[in-house]
Amino acid sequence: MQDKILDISKRRGIIYPSFEIYGGLAGFYDYGPVGKRIKENVENLIREFYVIDEGFMEVECPTLSPEEVWVASGHIENFADLMTECKKCGAPYRADHLVEAHLKKAVDGLGIKELEALIEKEKISCPKCKGELDKIYNYNLMFQTSVGPGKEKKTSYLRPETAQTTYLAFRRLWEIGRKKLPLGVLQIGRSFRNEISPRQGVIRLREFNQAEIQIFVDPDEKDTEEFKNVSKIKVRILDKNDKESDTSLGDAVKKGVIKSRLIAYHLGRALQLFEAMGIDPKRLKLRQHRDEERAFYSTDTWDVEFQSGDFGRVELVGISDRTDYDLKAHQDLSGQSMEVNIDGKKFIPHVIEIAYGVDRPVYCVIESCYAEDDRGTYFKFPKRTAPYQAAVFPLVNKDKIPEKAREIFNSLKQARIFALYDKGGSIGRRYARADEIGIPSCITIDYDTLEDGTVTVRDRDSKKQERVKIEELSKRIL
Ligand code: GAP
């Protein structure tokens with residue numbers, strides 16, 4: 001299926017490799033005109049869930065930051081993957097991925113010694129030339145650069161996560177939020193990681209998009225009454241002891257599999273959000289990080305994973321209890337207090353982080369919505385993620401029909417509806433083109449339109465056609 005999706009993606013302007021005329025560069029992809037619309041819709045859904053529903057704030061910070069930020073956060077010391085190279089041809093590999101591919105099972109959280117022992121025991125060699133693999137070492141994933149000229153030059157890094165840049169302004173956000181906890185802050189933006197050998201399309205990029213939410217909380221109040229609204233959601237759960245079960249979030253909390261109702265609530269919200277985007281809920285699973293696998297800053301981490309037909313398990317969002325690790329670290333290095341005072345109780349807030357990628361969910365929406373039938377291939381995008389809400393077709397290019405079609409197209413534009421105007425080829429051909437990029441409704445303007453002010457609206461999934469009054473069109477297709 002990957003080949004078919006890739007073919008449509010390139011041909012119809014969804015996603016395609018960047019810098020193609022210069023031979024491309026692994027880990028960089030462009031969103032074409034259709035893909036950009038889908039990505040924008042996915043980001044807007046995230047915004048709605050957290051800014052409108054949860055009442056969180058949204059900020060935007062620079063992608064480049066000075067060295068101190070990453071010294072304090074621990075990324076300079078710890079943000080590394082385990083790398084090995086082929087002694088013969090020099091090809092670089094992420095050691096855990098190499099072992100996983102060989103064993104055909106996950107090896108999350110193994111250290112250098114364990115991975116080297118497995119490589120020796122399993123006689124794993126370079127997949128390209130069968131050469132011997134070199135010693136494994138820590139490879140820092142951050143891109144380094146410098147800001148400013150001459151003596152002013154300052155070592156800087158492209159951010160590997162948006163989270164840190166949100167923490168830096170905590171004092172200001174605390175004031176703006178009128179000194180109340182919990183305080184939720186969303187940031188959607190680019191992050192950069194010099195991934196060792198990105199080969200899985202947009203699943204592993206070197207420049208990618210994140211939508212990360214930092215919820216600053218009182219450490220004694222890591223709870224929410226809202227949990228009741230998601231407690232009935234059923235899902236497959238794999239806990240840190242490798243126990244797997246199908247259960248409701250309510251039971252998972254009751255049995256102590258998920259310890260915090262706050263984390264369980266946000267796992268439930270993430271599942272609701274993915275379903276609203278169009279991701280198949282039956283292919284989603286909650287997975288708790290094992291103790292040895294968890295990031296250096298976290299005490300408990302849960303991922304929502306998607307089972308992809310093409311790429312295996314794909315982590316879409318990570319929800320972590322980052323404690324006061326980050327605020328404390330920035331307080332220590334900057335000398336600026338991150339302490340709050342609520343009715344005489346002084347403390348550094350803890351952070352519950354909800355770290356969404358954007359590119360992976362976009363891909364999983366595309367994979368989930370891919371469909372084939374007698375008409376060929378099409379995408380069943382929900383209205384909210386579809387690149388355009390409607391396509392407008394004049395039946396013929398004469399007899400005042402194009403003028404009427406343009407008039408209707410312009411009225412949709414005025415209603416701020418993303419619509420596509422297509423006058424080329426037979427109506428059947430135009431339906432096929434619209435289906436191929438997942439447009440939910442096609443509107444045909446014909447001779448009856450001139451007589452009675454109605455148009456034909458054809459539904460993408462059922463292929464059913466209906467006559468609709470022009471005045472009711474916007475309501476009908478939204
Ligand atoms: N602030 C925490 C953090 O960055 P993460 O699990 O490393 O956590 C969060 O990243 C999300 O960002 C992931 O769940 C994934 O969706 C996305 N992501 C991470 N690395 C990526 C990459 N190289 N390419 C595409 N998306 C990536």
Side-chain angles (χ1 to χ4, degrees), residues 15 17-18 25-29 31 39 42-43 46 61 63 65 69-70 73-75 78-81 94 96-97 108-109 139-143 157-168 185-215 263 266-267 270-271 273-274 277 279 284-289 293-306 308 311 313-323 325-327 329 351-365 367:
I15 304 167
S18 306
L25 186 60
F28 294 87
Y29 275 79
Y31 284 92
K39 172 173 174 275
V42 161
E43 289 179 350
I46 297 176
C61 308
T63 52
S65 17
V69 173
W70 308 107
S73 69
H75 282 76
N78 297 312
F79 195 62
D81 276 342
R94 228 179 104 165
D96 55 341
H97 285 180
D108 303 297
Y139 162 88
N140 194 291
L141 294 172
M142 283 196 297
F143 286 101
Y157 293 86
L158 283 169
R159 64 183 181 190
E161 59 169 12
T162 63
Q164 293 305 322
T165 54
T166 302
Y167 301 143
L168 300 179
V185 187
L186 162 70
Q187 183 170 182
I188 301 182
R190 299 258 166 172
S191 292
F192 303 80
R193 295 181 192 176
N194 202 357
E195 298 282 355
I196 290 171
S197 47
R199 285 197 200 93
Q200 298 176 293
V202 297
I203 301 301
R204 198 162 297 283
L205 294 166
R206 286 175 164 147
E207 176 171 351
F208 57 101
N209 300 275
Q210 289 187 310
E212 297 195 301
I213 297 131
Q214 315 303 320
I215 312 174
I263 288 191
H266 285 292
L267 286 167
L271 292 172
L273 175 56
F274 290 136
M277 288 177 189
I279 294 178
L284 294 176
K285 182 197 270 188
L286 307 185
R287 190 178 74 81
Q288 186 178 29
H289 284 208
E293 170 197 1
R294 249 188 342 259
F296 55 92
Y297 48 72
S298 166
T299 57
D300 191 18
T301 299
W302 285 84
D303 290 340
V304 179
E305 288 183 350
F306 174 79
S308 158
F311 300 116
R313 64 193 179 112
V314 175
E315 177 204 320
L316 300 180
V317 63
I319 303 187
S320 297
D321 184 343
R322 293 180 74 135
T323 66
Y325 180 93
D326 302 275
L327 287 186
V351 171
I352 302 295
E353 179 187 51
I354 310 166
Y356 287 96
V358 173
D359 314 275
R360 290 182 188 178
V362 167
Y363 178 79
C364 297
V365 168
E367 194 183 308

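Start at 1 and go down the list; that is how both ligands and their atoms are numbered.
- Residue-ligand proximity, Glu161 to ligand 1, at heavy-atom distances under 4.0 Å covers atoms 1 (N), 2 (C), 3 (C), 4 (O).
- The ligand atoms of ligand 1 that sit less than 4.0 angstrom from a heavy atom of Val317 are 14 (O).
- For the pair Ile203 and ligand 1, a heavy-atom separation below 4.0 Å is found.
- Residue contacts with ligand 1 include Arg322, since one of its heavy atoms falls under 4.0 Å from the ligand.
- Among protein heavy atoms, atom 3 (C) of ligand 1 sits closest to Glu212 OE2, 3.3 Å.
- Between Pro361 and ligand 1, no pair of N/O atoms sits closer than 3.5 Å.
- Between the choices Arg204, Gln210, Arg360, Gln200, the shortest heavy-atom distance to atom 21 (C) of ligand 1 belongs to Arg360.
- Atoms of ligand 1 lying under 4.0 Å from any heavy atom of Leu205, numbered from 1 in the order shown and given with element: 22 (C), 23 (N), 24 (N), 25 (C).
- Against a heavy-atom cut-off of under 4.0 Å, Glu353 is close to the following atoms of ligand 1: 1 (N), 2 (C).
- The protein non-hydrogen atom at the shortest distance from atom 13 (C) of ligand 1 is Glu315 OE2, 3.2 Å.
- Annotation for Ser298 and Ser320: closest pair OG-CB, 3.8 Å, computed over non-hydrogen atoms.
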Quiz item: Between His266 and Ile215, does a side-chain contact (heavy atoms from CB on, under 4.5 Å) hold up when you go through it step by step?
Solution: CA-CA 11 Å; His266 285 292; Ile215 312 174; 3.4 Å; yes
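- In terms of polar-atom proximity, defined here as any N/O pair under 3.5 Å, Tyr356 makes no such contact with ligand 1.
- Residues Tyr363 and Phe311 bring their aromatic ring centres within 6.0 Å.
- Close N/O approach between Leu316 and ligand 1 is found [any backbone or side-chain N/O within under 3.5 Å].
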